[in-house]
J.: 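Quick one: structure below, then a few questions.
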Amino acid sequence: MYLGSHMSISGGLHRAFDHIMAVDGTALQIFTRNQRQWKIPPLSEEDIALFKAKWQTWGSYPVAAHDSYLINLASPKEDGAAKSMAAFTEELRRCEALGIRWLVTHPGSHLGDGVEAGIARYVKRLDKAIEDSGTESTLVLLETTAGQGTNLGSSFEELAEIIRSSRHTDRLGVCYDTCHTFAAGYDIRTPEAYADTLARFDQLVGIERIRFFHLNDSKVGLGERKDRHDHIGQGHIGLEGFRNIMNDPRFKEIGMSLETDKKEDLEDDRRNLAVLKGLVQNA
Ligand code: MN
Ligand code: MN
Ligand code: ZN
């Protein structure tokens, strides 16, 4: 079982490994650049070497990158779309250079003209970005979203549609965010609800598409379509929901990362990881 957290890269990309080691995590998510800016400074050979060396020191555990929240590949506005394309293409190249196998991304927002038009734009640009990047190995993981506003990707049908219509189906997977899917209306709080939700996912998307998890509890109730993370066991999902995931043998080899609030001392991460580990039933 690979369990960890999203860590800061302040002071250098390799610093994230210091933080994940400090909480005994065995999975990591990072931004590969300042995610609040469009500008992406180049990666030097030194940055890459330092990152890879530190990764080895930690262990060969799973690392995912999350792209910038500024990126909207489904945008109907030409300038926003052009900036998003350039940034996403570069994020793919950075992941491949760093040896990161998964780039987690939200499937964009249609901003008013509907899901169908939004998905069509999204797929066209996603395909072009994959091609323009010249990358070969990094997978794009479409994150399940809460369905706030005009955000795409909050139903399994929409994720399936994106994957089905892409020319690069072999480069696509899913990052399952527990908070978002719950807020989007998919219940996992009882063994029965969990089995049903995952069976629906399997039927529409395919369970093997799940390559990474975001483990977050939800401050909002089932189907309230808001993206508000809570600490594990303190939100509307509750411990029983996470117990279902932690004991699902299908996900034993999949990296799982917290995206919950914390201070510099990382105490909240330590507590959340301990809570999750405490749910694992030893066979
Ligand atoms: Mn996300
Ligand atoms: Mn997430
Ligand atoms: Zn979220």
Side-chain angles (χ1 to χ4, degrees), residues 1-3 27 62 64 102 104-107 115-116 119 139 141-149 151-166 169 172-260 272 275-283:
M1 174 141 279
Y2 300 107
L3 262 187
W102 306 290
V104 178
T105 184
H106 298 199
V115 169
E116 215 175 310
I119 287 183
L139 296 190
L141 303 190
L142 309 169
E143 182 166 350
T144 58
T145 64
Q148 213 166 313
N151 290 351
L152 301 167
S154 62
S155 75
F156 298 161
E157 284 84 355
E158 286 178 28
L159 295 171
E161 174 64 18
I162 292 168
I163 293 168
R164 187 170 42 234
S165 32
S166 167
T169 294
L172 304 180
V174 171
C175 172
Y176 190 105
D177 185 307
T178 55
C179 165
H180 299 175
T181 43
F182 183 76
Y186 297 103
D187 198 3
I188 56 165
R189 291 173 295 186
T190 63
E192 295 73 26
Y194 176 77
D196 183 54
T197 289
L198 273 289
R200 282 170 71 189
F201 186 93
D202 191 35
Q203 196 178 31
L204 289 160
V205 185
I207 209 92
E208 71 288 348
R209 292 274 176 194
I210 300 179
R211 301 300 178 91
F212 208 75
F213 275 89
H214 289 164
L215 300 183
N216 308 306
D217 210 328
S218 172
K219 282 195 201 291
V220 304
L222 183 68
E224 286 189 43
R225 302 179 80 82
K226 280 198 206 92
D227 181 1
R228 301 278 186 280
H229 300 188
D230 206 342
H231 295 293
I232 305 298
Q234 295 181 23
H236 286 258
I237 298 176
L239 289 181
E240 294 315 306
F242 290 97
R243 194 190 305 278
N244 294 322
I245 294 181
M246 297 307 290
N247 293 288
D248 190 329
R250 293 172 294 184
F251 304 132
K252 280 276 178 275
E253 304 293 320
I254 303 289
M256 300 182 174
S257 171
L258 295 167
E259 290 178 314
T260 43
N272 283 316
V275 168
L276 287 167
K277 285 175 193 166
L279 298 172
V280 179
Q281 282 134 16
N282 291 310

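Sequence positions, counted from 1, serve as the residue numbers for this chain. Just so it is clear, the values below take in all heavy atoms, side chains as well, and ignore hydrogens, waters and symmetry mates.
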J.: Any side-chain heavy-atom pair from N247 and Y194 closer than 4.5 angstrom?
T.: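 Not in contact.
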
J.: Please report the closest heavy-atom contact between D177 and E143, naming both atoms and the distance.
T.: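 Closest approach of D177 to E143, heavy atoms only: OD2-OE2, 2.9 Å.
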
J.: Determine whether a donor-acceptor pair (N or O, by modelled atom type, separation under 3.5 Å) exists between the side chain of N272 and the backbone of H231.
T.: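 No; zero donor-acceptor contacts below 3.5 Å.
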
J.: How many angstroms lie between CD1 in I245 and CZ in F251, if you round to the nearest 0.5 Å?
T.: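 Output value for this atom pair is 7.5 Å.
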
J.: Residues two or more places apart in sequence or in another chain: which of them pass salt bridge (charged side-chain N to carboxylate O under 4.0 Å, His left out) with R228?
T.: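 With sequence neighbours excluded, R228 shows a salt bridge (charged side-chain N to carboxylate O under 4.0 Å, His left out) to no residue whatsoever.
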
J.: Main chain of I188, side chain of N244: is a donor-acceptor contact present, judged purely on distance under 3.5 Å?
T.: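 At least one qualifying donor-acceptor pair exists.
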
J.: Check the orientation of F213 and Y176. Use parallel for under 30°, tilted for 30 to 60°, and perpendicular for over 60°.
T.: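 Geometry flag for Y176 against F213: tilted rings.
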
J.: Of all heavy-atom pairs between S257 and F212, which one has the smallest distance, and what is that distance?
T.: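 Here S257 and F212 meet closest at CB-CE2, 3.6 Å.
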
J.: Do E240 and T190 pass the side-chain contact (heavy atoms from CB on, under 4.5 Å) test, and can you show the C-alpha distance, the side-chain angles, and the key distance before you say yes or no?
T.: CA-CA 7 Å; E240 294 315 306; T190 63; over 6 Å; no

J.: For residues S155 and Y186, report the shortest heavy-atom separation together with the two atoms involved.
T.: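 Looking at all heavy atoms of both residues, the closest pair is CA-OH, 3.4 Å.
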
J.: Quick one: are P107 and E158 in side-chain contact, heavy atoms under 4.5 Å?
T.: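 The answer is no; the side chains never approach within 4.5 Å.
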
J.: Less than 4.5 Å apart, any side-chain heavy atom of R189 and any of L222?
T.: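 Of all side-chain heavy-atom pairs linking L222 with R189, at least one is under 4.5 Å.
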
J.: Taking the side chain as everything from C-beta on, heavy atoms only, tell me whether V174 gets closer than 4.5 Å to T144.
T.: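 Side chain of V174 against side chain of T144, heavy atoms only: contact under 4.5 Å found.
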
J.: Give me the atom names and distance for the closest heavy-atom approach of A27 to G255.
T.: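 Reported closest heavy-atom pair: CB-CA, 4.2 Å.
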
J.: Is any side-chain heavy atom of V115 closer than 4.5 Å to a side-chain heavy atom of L152?
T.: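 Side chain of V115 against side chain of L152, heavy atoms only: contact under 4.5 Å found.
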
J.: Would you check, one step at a time, whether the test side-chain contact (heavy atoms from CB on, under 4.5 Å) holds for L215 with M246?
T.: CA-CA 10 Å; L215 300 183; M246 297 307 290; 4.2 Å; yes

J.: Rounded to the nearest 0.5 Å, how far does CD of Q234 lie from NE2 of H229?
T.: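 Answer for the NE2-CD pair, H229 versus Q234, is 14.5 Å.
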
J.: Any side-chain heavy-atom pair from H214 and C175 closer than 4.5 angstrom?
T.: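 SC-SC contact between H214 and C175 confirmed.
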
J.: Could you give the distance from CG (D187) to OG1 (T181), rounded to the nearest 0.5 Å?
T.: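 Output value for this atom pair is 10.0 Å.
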
J.: Are side-chain N/O atoms of E259 and N216 paired as donor and acceptor at under 3.5 Å?
T.: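 Note: E259 and N216 side chains meet the donor-acceptor criterion.
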
J.: Please determine whether the number of non-hydrogen atoms from other residues, nucleotides or ligands lying under 6.0 Å from atom CD of E157 exceeds 12.
T.: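 Atom CD in E157 is packed in, count exceeds 12.
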
J.: Sequence neighbours left out, cut at 3.5 Å: what donor-acceptor pairs do the side chains of residues 200-210 make with other protein atoms?
T.:
residue, atom, partner, partner atom, Å
D202, OD1, I207, N, 2.8
R209, NH1, T169, O, 2.8
R209, NH1, L172, O, 2.9

J.: CZ of F182 to CD1 of I237: how many Å apart, nearest 0.5 Å?
T.: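 Reported value, rounded in 0.5 Å steps: 5.5 Å.
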
J.: Which pair of non-hydrogen atoms, one from S154 and one from A184, has the smallest distance, and what is that distance?
T.: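 It is O-CB, 3.4 Å.
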
J.: What distance do D248 atom CG and L198 atom CG have between them, rounded to the nearest 0.5 Å?
T.: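 It comes to 6.0 Å.
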
J.: Is there side-chain contact between H236 and D230, with heavy atoms separated by less than 4.5 Å?
T.: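 Result no, sub-4.5 Å side-chain heavy-atom pair not found.
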
J.: Yes or no on side-chain contact (heavy atoms from CB on, under 4.5 Å) for M1 and K252, after CA distance, side-chain angles and deciding distance?
T.: CA-CA 5 Å; M1 174 141 279; K252 280 276 178 275; 4.2 Å; yes

J.: Nearest 0.5 Å please: distance from the CG atom of N151 over to the OG1 atom of T145.
T.: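 The CG atom of N151 sits 5.5 Å away from the OG1 atom of T145.
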
J.: Taking C-beta and beyond as the side chain, do I162 and L142 meet within less than 4.5 Å on heavy atoms?
T.: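 In contact.
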
J.: If I compare all heavy atoms of W102 with all of R211, which pair ends up nearest, and what's the gap?
T.: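 It is NE1-CB, 3.7 Å.
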
